[in-house]
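So the structure is just underneath, and the comments pick up after that.
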Amino acid sequence: MAEMGSAATRVEVTLKKATGPGDDKVHTWPNLVRAEFLCTLFVMIFLLLWSLLVDAPLEEPADPGRTPNPSKAPWYFLGLQEILVFFDPWHAGVVAPTFIIMGLMVIPYIDINPKGNGYYTFKERKYEIITFIFGFHVLWISTIIIGTFVRGPGWNWFWPWEVWDAHLVEALTNQDLPYLVGIRDYWTAAVFGLSLIIGFFVLGTAAMYWWVVWLKGREFMQRWGAARFFLTSFLTLNMIAVVIKMLLRHILNVKYILVTPWINV
Amino acid sequence: MSSQFDELKRQVMESQVWQSIFRHGYEDTPRNRILMVSGNVWLHLHPSKVRKHATRLRFTWCMGGITFLMYLVTVVTGVYLMFYYRPVAEYAYADIKYLEFDMPFGMLMRNMHRWAAHGMVIAVWLHMFRVFMTGSYKPPREFNWVVGVLLLVLTLLLSFTGYLLPWDQLAIWAVSVGSNMGRATPLLGYEGPFNEVLGVNPIYDARAFLFGGGEIGAHTLLRFYILHCIFIPLVTSLFLAVHFWRIRRDGFSGPAL
């Protein structure tokens with residue numbers, strides 16, 4: 001009897017594989033190829049018309065002795081150029097892009113949520129989607145829009161309806177955060193700044209730990225593992241730090257938080 | 001008349017030459033549908049059958065395909081531009097002018113090249129956004145996402161190196177601003193933190209390596225030209241092959257059945 005039962009199961013499994021729900025497949029030709037062909041056609045018509053109507057820019061010949069004001073990087077790098085306002089070049093131009101690229105690469109490894117694989121859903125992956133949209137749309141795209149459309153001569157802020165005034169002088173009233181809170185001694189200021197930054201990451205990581213445990217439970221935290229957790233919290237805190245630094249500059253005119261002879265943050 | 005035509009058609013289509021080229025008939029049969037894809041070197045990038053949702057624009061936005069299309073457009077128009085362009089500081093700008101005003105379709109080819117390059121950057125970002133929103137990077141496709149990030153970086157580098165080639169004010173200053181970051185690299189950049197550790201100097205640091213010298217100049221133009229036309233396209237093609245191959249092996253992502 002048991003023999004028969006297992007044979008029946010095996011037959012059932014074989015049948016399922018052949019005709020079961022695995023078969024929502026359609027022929028690539030014409031179903032997919034037609035969609036691709038039409039897409040190609042529309043995009044090529046659009047590109048051709050656009051290219052007939054709008055000429056690629058060509059300015060006067062290169063002259064290394066005459067720097068235009070403003071000098072802007074290609075538009076897709078203007079987000080990085082925009083955060084140069086808030087961070088030194090080694091940070092905005094080297095560390096930030098490295099973190100962005102590494103951060104993008106580790107996404108599949110730190111996201112262990114098995115849901116939402118291959119279909120649109122917000123409910124099943126709220127925090128992943130919010131984080132991605134914050135990084136991609138809010139930080140990356142909006143800084144590109146600012147850098148492209150509202151930065152003029154001297155990298156000063158000009159609304160699109162304002163005339164670019166190349167002689168506009170903006171008072172540089174920025175001061176470092178330690179100075180702002182009354183610290184005048186050099187080394188005390190450095191220690192203060194360093195403690196603030198280390199404190200931000202330590203407290204931020206702790207806060208994130210408790211938040212994830214509260215939200216998802218200890219069992220999830222164990223499954224997630226230390227490496228994934230620390231990587232995620234480090235990258236998330238870096239994204240938040242960019243916003244904090246922007247706000248400190250815009251509201252309190254803070255230039256640096258940490259000032260040392262070697263690096264300033 | 002029509003029977004004569006049919007007879008001729010039959011003779012042509014049954015000839016050894018015709019049958020050596022086309023291995024299947026026209027009729028809309030399941031067998032021919034599969035042979036159309038599997039028997040075609042370009043189309044067999046696809047499996048011969050796909051799940052229904054994967055053919056829908058509202059699922060894929062066709063953005064990966066559009067990115068690849070933009071890449072192909074830049075390759076074709078780029079080859080045309082290469083016929084008339086010399087990567088030498090004395091000639092480069094004049095060649096662009098010559099190309100724009102004297103070459104047949106020169107202006108159109110240059111416009112298409114530039115707008116397709118911008119289009120490729122936008123499309124690759126939207127493709128990444130779509131892949132994120134459908135969670136298509138989840139197992140077993142984790143590594144293909146990593147390859148995709150590399151392709152995103154390569155797309156930006158392709159566009160950035162091409163930016164210099166017209167050798168106008170826009171070109172050298174945009175590239176200067178972009179590359180000045182290299183000078184600020186910690187340890188490796190002349191103006192970066194800890195630059196004294198390795199003893200880098202203005203003509204021997206990360207930016208000088210990119211520029212081929214201490215300042216942006218004729219040497220930079222040649223360097224960016226070779227990066228733009230040969231090196232990065234080759235690397236990109238290799239990663240594209242890996243990217244497509246892995247999609248083929250893992251199948252399109254989709255909801256569980």
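Scope of the values below: all heavy atoms of this structure, side chains included, with no hydrogens, waters or symmetry mates. Below, read A as the first sequence line, B as the second, and so on, with proteins coming before strands; counting in each chain starts at 1.
No other option in P57(A), P97(A), P114(A), P30(A) has as many heavy-atom pairs under 4.5 Å with chain B as P57(A).
In summary, the side chains of H118(B) and W75(A) do present a donor paired with an acceptor at a separation below 3.5 Å, with no hydrogens or angles considered. At a cut-off of 3.5 Å, with distance as the only test, a side-chain donor of S159(B) or Y76(A) sits close to an acceptor on the other residue.
Taking the side-chain contact (heavy atoms from CB on, under 4.5 Å) definition, one finds that V153(B) meets it with I101(A), L157(B), sequence neighbours left out. In this structure S253(B) satisfies the side-chain hydrogen bond (donor to acceptor under 3.5 Å, both in side chains) test together with S136(B), sequence neighbours excluded.
The aromatic ring centres of H137(A) and F129(B) sit less than 6.0 Å apart.
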Output a table of donor-acceptor pairs, distance under 3.5 Å, between side-chain atoms of residues 65-76 of chain B and any protein atom two or more places apart or on a different chain; print 'none' if there are none.
unit_1: T67(B); atom_1: OG1; unit_2: M63(B); atom_2: O; d: 2.7
unit_1: Y71(B); atom_1: OH; unit_2: P233(B); atom_2: O; d: 3.2
unit_1: Y71(B); atom_1: OH; unit_2: S237(B); atom_2: OG; d: 3.1
unit_1: T74(B); atom_1: OG1; unit_2: M70(B); atom_2: O; d: 3.2
unit_1: T74(B); atom_1: OG1; unit_2: Y71(B); atom_2: O; d: 2.6

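Proximity to chain B (any heavy atom under 4.5 Å) is restricted, for F77(A), to the side chain, taken from C-beta onward. Of the two parts of L80(A), neither the backbone nor the side chain holds a non-hydrogen atom closer than 4.5 Å to a non-hydrogen atom of chain B.
Applying a 4.5 Å heavy-atom cutoff, the residues of residues 255-265 of chain A that approach chain B are W262(A), I263(A).
We find the SG-CD distance between C62(B) and E36(A) to be 6.0 Å, quoted to the nearest 0.5 Å.
Looking at heavy atoms from C-beta onward, D168(B) lies out of side-chain contact with E60(A) at the 4.5 angstrom threshold.
At least one cation-pi condition fails for R130(B) and Y120(A): the charged atom is not both under 6.0 angstrom from the six-membered ring centre and inside a 45 degree cone around its axis.
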